[in-house]
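For this chain, numbers begin at 1 and follow the sequence in order. Start at 1 and go down the list; that is how both ligands and their atoms are numbered. Atom set for the values below is all heavy atoms of this structure, side chains included, hydrogens, waters and symmetry mates excluded. This is a predicted model, so every value here is computed, not measured.
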Amino acid sequence: MVDYDRETSFIDDDLIRRLLAQGPPSASTLADLLAKAEAARGLEPDELALLLKVDDEETWQEIFYAARKVKERIYGRRIVLFAPLYLSNYCINGCRYCGYRTGSGVVRKRLTMEEIREEVVALERMGHKRLAIETGEDPVNCPLDYVLEAIDTIYSVSAEQGAIRRLNVNIAATTVENYRRLKEHGIGTYILFQETYHRPTYAVMHPSGPKSDYAWHLLAFDRAMEAGQDDVGAGILFGLADYRYELLGLLLHARHLEERFGVGPHTVSVPRLKPAHGVDLGHFPHLVDDKTFKRIVALIRLALPYTGIIISTRESPALRRELLELGVSQISAASCTGVGGYSKRRGGPAEETAQFQIEDHRSLDEVLAALCRDGYLPSFCTACYRQGRTGDRFMALAKTGRIGEICTPNAILTFAEYLLDYGSEETKRLGRAAIEVNLAELPAGLQEGVRRRLARIAQGERDLYY
Ligand code: SAM
């Protein structure tokens, strides 16, 4: 028998409460903490708890400054792009915040393999190379065999110059055996949001269905890693419980995975609660405002410097722009959170099947142009996982800074492909300039190699990477 209380004790409620009861840091402690954080050495839970006590705006500006420095140092100006692909919204869970919960009144739909092909063609025609597949939890209407067949189907579709090169998977917590099967089908990151680390809130928010089991959900990454799936993506749904508790829970979770498997989460997603079918936000007392949300992103950047931060189209273009500065490294673009929404887009988005509302409705091309205007280098790179650079191998490269010499060339090559195959005139103009700026900063030998590859891409070759 598994002793779940013992197994989940790393989310140590007493410790979190004790840490949150501390007073604010002294000036000298604060200076030490900021120096450590700025040097990308991460934060321990007691240190994060001290920063959570800061309440003057001036110190927050110093924290933001440190977060920007860490972001710049580890991720440079690269931003990775992806889109979610909703396969099925059948769900037997009762999650109070979700438009897919049982009885929400949402129209239920599961894509056929033919419909999946149509969705993938639509996404490839926009220029996407990296998708995250999403489903509700329903072992009868959406069994694992269906998801595996969908994965094979998605990887098999190629429209014109298009191909999906990395498929991340966000499906319900499952068994070691099922994680093994997902890995065998070539998934990238296994994504699962804990939603809340606070046990009493978890119980209230998940009153029924398999997801109501906190331990089963929390230990999903342990099972995934036991199955060899060493690339996992964590997340918190901000708005359910006190964000301070959540941040400490997230850090304890990451430290637990590092201690047990040698590697923590590859990414952290930071969704904020949004209106959804039958969900009244008035019932959620812990909603997070924009100002607090920026602080949250900055603190995650400092606490987990080598973990990517993902922000979705739940947030507005203006706020996403600010969050990119403070630590976000991956964004979704041109997303549809309904089932079958991409191929039907000309007839309007599939709102009746949507999980929640989104606030960034720009096309992928518009998002890319805006990124370039702000001095970023968009990236469609998917090379690391295809080269076996996952888990602790990725972290070892990231921590020595060598990953930048791989990521920047790959960002340049994949963005150049995008510009040739899908870019509007304006994005081409902005994109070429962004590529030149970033090329010029590479060491001379590498620069030459990348230029040679760019020439091959201009001749029609595709999928060149380091
Ligand atoms: N198996 C996952 C599930 O059903 O939760 C599938 C992924 S779900 C499509 C992705 C995430 O959306 C959830 O984990 C949750 O954090 C988030 N989500 C659910 N309802 C939301 C809402 N009303 N506003 C914002 N995000 C929401």
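Screening residues 332-342 for salt bridge (charged side-chain N to carboxylate O under 4.0 Å, His left out), with sequence neighbours left out, gives no hits.
With no hydrogens or angles considered, no side-chain donor-acceptor pair links Asn93 and His206 at under 3.5 Å. Side-chain contact, Arg166 with Thr189: a donor N or O sits under 3.5 Å from an acceptor N or O.
Under a 3.5 Å cut-off, the side chain of Asp365 and the backbone N or O of Ser424 do form a donor-acceptor pair.
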Which donor-acceptor pairs under 3.5 Å do the side chains of residues 141-148 make with protein atoms, sequence neighbours left out?
{"residue": "Asn141", "atom": "ND2", "partner": "Asp138", "partner atom": "OD2", "Å": "2.9"}
{"residue": "Asp145", "atom": "OD1", "partner": "Arg181", "partner atom": "NH2", "Å": "2.7"}
{"residue": "Tyr146", "atom": "OH", "partner": "Leu111", "partner atom": "O", "Å": "2.8"}

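Under the salt bridge (charged side-chain N to carboxylate O under 4.0 Å, His left out) criterion, Glu258 pairs with Arg255, not counting sequence neighbours.
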Check each N or O atom of ligand 1 against all protein N or O atoms and list the pairs under 3.5 Å, with atom names and distances to 0.1 Å, one per line.
{"residue": "ligand 1", "atom": "1 (N)", "partner": "Thr135", "partner atom": "O", "Å": "3.1"}
{"residue": "ligand 1", "atom": "5 (O)", "partner": "Lys211", "partner atom": "NZ", "Å": "3.1"}
{"residue": "ligand 1", "atom": "12 (O)", "partner": "Arg314", "partner atom": "NH2", "Å": "3.0"}
{"residue": "ligand 1", "atom": "14 (O)", "partner": "Glu195", "partner atom": "OE2", "Å": "2.6"}
{"residue": "ligand 1", "atom": "16 (O)", "partner": "Glu195", "partner atom": "OE1", "Å": "2.5"}
{"residue": "ligand 1", "atom": "16 (O)", "partner": "Glu195", "partner atom": "OE2", "Å": "3.4"}
{"residue": "ligand 1", "atom": "23 (N)", "partner": "Tyr97", "partner atom": "O", "Å": "2.8"}
{"residue": "ligand 1", "atom": "23 (N)", "partner": "Lys274", "partner atom": "O", "Å": "2.9"}
{"residue": "ligand 1", "atom": "24 (N)", "partner": "Lys274", "partner atom": "N", "Å": "2.9"}
{"residue": "ligand 1", "atom": "26 (N)", "partner": "Arg314", "partner atom": "NE", "Å": "3.0"}
{"residue": "ligand 1", "atom": "26 (N)", "partner": "Arg314", "partner atom": "NH2", "Å": "3.4"}

